[in-house]
Amino acid sequence: MGKYAFYRPTLLCAFGTCLALNAAQGKDDTPPNIVFIFADDMGYGDISALNENSRIKTDCLDRLAREGAVFTDAHSSSAVSTPSRYSLLTGRYNWRSDLKSGVLYGYDEALIPTGRRTLAHILSERGYHTACIGKWHLGWRWAGIENGEEQVDFSRPITDGPTTRGFDYFYGIAGSLDMAPYVYVENDRPTAVPDRTTSNTGMKFWRKGPTAPDFVHERTLPHLVDRAAGYIRERAKTETPFFLYLPLPAPHTPILPAEEYRGKSGLNPYGDFVLMVDDMVGKIMETLEAEGIAENTILIFSSDNGCSPAARTEVLEKKGHFPSYIYRGYKADLYEGGHRIPCIVRWPDRIQPHTVRQTVCLTDFFATFAALTGYKIPDTEGEDSYNLLPLLLKTKERKIVREATVHHSIDGDFTIRKGPWKLLLSPGSGGWSAPQKKEITPEMPTVQLYRLDTDPEERHNLYADRPDIVEELRTLLVRYIREGRSTPGTPQKNDGPETWRQLQWMER
């Protein structure tokens, strides 16, 4: 057996929607492999297929877009990293968890409770081999952490990590590439004990922390992609379908394009790093093709949130490149640039290339994979997840999948979107763009209402003109919060505090 090989039960036959479609088309019922590439802080406008004025030519992602379904109104549930990853894997809005604002760091404990099931659990039970290779950023427990970070024992296994959250195999890092400790973990064991302390500044920024001898920041992105390609090659030798979750550590800080990419974009190091990410996606595509499994592999590319100001966005904009495309704001914000993300899904065997303009959310992949494999979601799971198969397979093109979509900022502020209308329950961005909290004055309206079909740049606040829409969206958000779900089903409890400042404000 190879390093990635594990025993899996015989694949179950209940592949629901997928098998029904196969039968109708006279195709075999071989379940598809699934590869989910999750970029870190990559803006919607960083992909040239989505931005006609892009100064960065992303050839590999453009090819993926030509061959698959392109979502032009896709969103993360949060404008920052940890909560977006929680929502993707659980099908549940991040603000229902214990984390009401901000993100986790490298030494923090698990955000996903032991009893909360993930995408990996579902697919594992349906006969898939499941792997996560890359940036976890959802917390686990280091040995010895109870005595302080400096007392962590890197010679002992971690607990409460990815292998306890549905993944058969894990190789990667605890948090972002700028968060200590800088140690690779394979399954539950650090691959080496730190022997030095490192840090860096500027666009190459990473926080000071213990660093293992086999850990080189500049090599982390290609190293993880090499591991992922190796995993694909090994699994291609078996008859068991696989799910590879590949959360990249880039183009998040530290911004570290390899030498052959430096200066290639003609913009700045961030633009060069985006080109490197594009080539890493190309490497995964090439590996699937070389192994002869590309046709029956669902390959997804998306991002956890919008581009970060750490990319020196003001420099990029002056040179004519807008990472948020026409949208306002960046990472951390309630504005569209904070949470509108690239999302492309390719499955040559089943998906015809097309564009999907409906609003969708990362939470929706939970219900989508459940439908794909015939898994019936109980009321206690995937409370905010909608099945995207009708949109991907074009079986019910006119059906609106989502009633409304909720987004969250780094500060813990809410916005809710229904149709063209978007209500922000904050006088400012809720994040790092102007107006920030420190810039808010008593004269500013306490809410913002925008009509995105006519004002995609969110410049004209219509809250005073349409109090009926404000009330409709406010009431809907209150219901979503109180019922613990936004999908049909039995009401559920949210985790953490029962009362939130947003709900208190809405009930005044």
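Reckoned from all heavy atoms, side chains included, excluding hydrogens, waters and symmetry mates. Index from 1, following the sequence.
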Inset, instruction - Would you mind telling me which of L88, L119, L123, I300 makes a side-chain contact (heavy atoms from CB on, under 4.5 Å) with Y245? - result: L88

Legend entry - Cationic tip of R402 above Y386 ring, under 6.0 Å, 45° of axis: no

Inset, instruction - Using modelled atom types only, decide if a donor and an acceptor are shared between the side chain of S385 and the backbone of A367 within a distance under 3.5 Å. - result: yes

Legend entry - Expected output: side-chain Q358 to main-chain V401 donor-acceptor under 3.5 Å: yes

Inset, instruction - May I ask you to decide whether R328 forms a salt bridge with D333, counting only side-chain N to carboxylate O separations under 4.0 Å? - result: no

Inset, instruction - With sequence neighbours excluded, tell me which residues meet side-chain contact (heavy atoms from CB on, under 4.5 Å) with D73. - result: H75, R340, T359, R417

Legend entry - Cation-pi geometry met for R235 and F242 (6.0 Å, 45°): no

Inset, instruction - Over 60° means perpendicular and under 30° means parallel, so classify the ring planes of Y327 and Y44, tilted if in between. - result: perpendicular

Inset, instruction - Not counting sequence neighbours, which residues clear side-chain hydrogen bond (donor to acceptor under 3.5 Å, both in side chains) with R85? List them please. - result: D40, S81, D304

Legend entry - Under-4.0 Å salt bridge between E383 and R116: yes

Inset, instruction - Using the six-membered ring wherever Trp is involved, compare the ring planes of Y169 and Y231 and label them parallel, tilted or perpendicular (cut-offs 30° and 60°). - result: parallel

Legend entry - Any residue meeting side-chain contact (heavy atoms from CB on, under 4.5 Å) with A212, in chain and number order, not counting sequence neighbours: V183, A192, D214, F215

Inset, instruction - Please work out whether the ring planes of W142 and W140 are parallel, tilted or perpendicular, with thresholds of 30° and 60°. - result: perpendicular

Legend entry - Side-chain donor-acceptor contact under 3.5 Å, N305 with D41: yes

Inset, instruction - If a pair satisfies ring-ring contact (aromatic ring centres under 6.0 Å, His included) and one of its residues is in residues 293-319, list it, with sequence neighbours excluded. - result: none

Inset, instruction - Quick one: which residue pairs count as a side-chain hydrogen bond (donor to acceptor under 3.5 Å, both in side chains) with a foot in residues 105-114, not counting sequence neighbours? - result: E109-R141

Legend entry - Under 3.5 Å donor-acceptor, K208 side chain and T198 backbone: no

Inset, instruction - Run the salt-bridge test on D226 and K283 with the 4.0 Å N-O cut-off and return the result as yes or no. - result: yes

Inset, instruction - Look only at the side chain of T82 and the backbone of H137, and say whether a donor-acceptor pair between them is shorter than 3.5 Å. - result: yes

Legend entry - Ionic contact status for E289 with R63, cut-off 4.0 Å: yes

Legend entry - All side-chain contact (heavy atoms from CB on, under 4.5 Å) counterparts of T355, not counting sequence neighbours: T72, R357

Legend entry - H408 versus N94, side-chain donor and acceptor atoms under 3.5 Å: yes

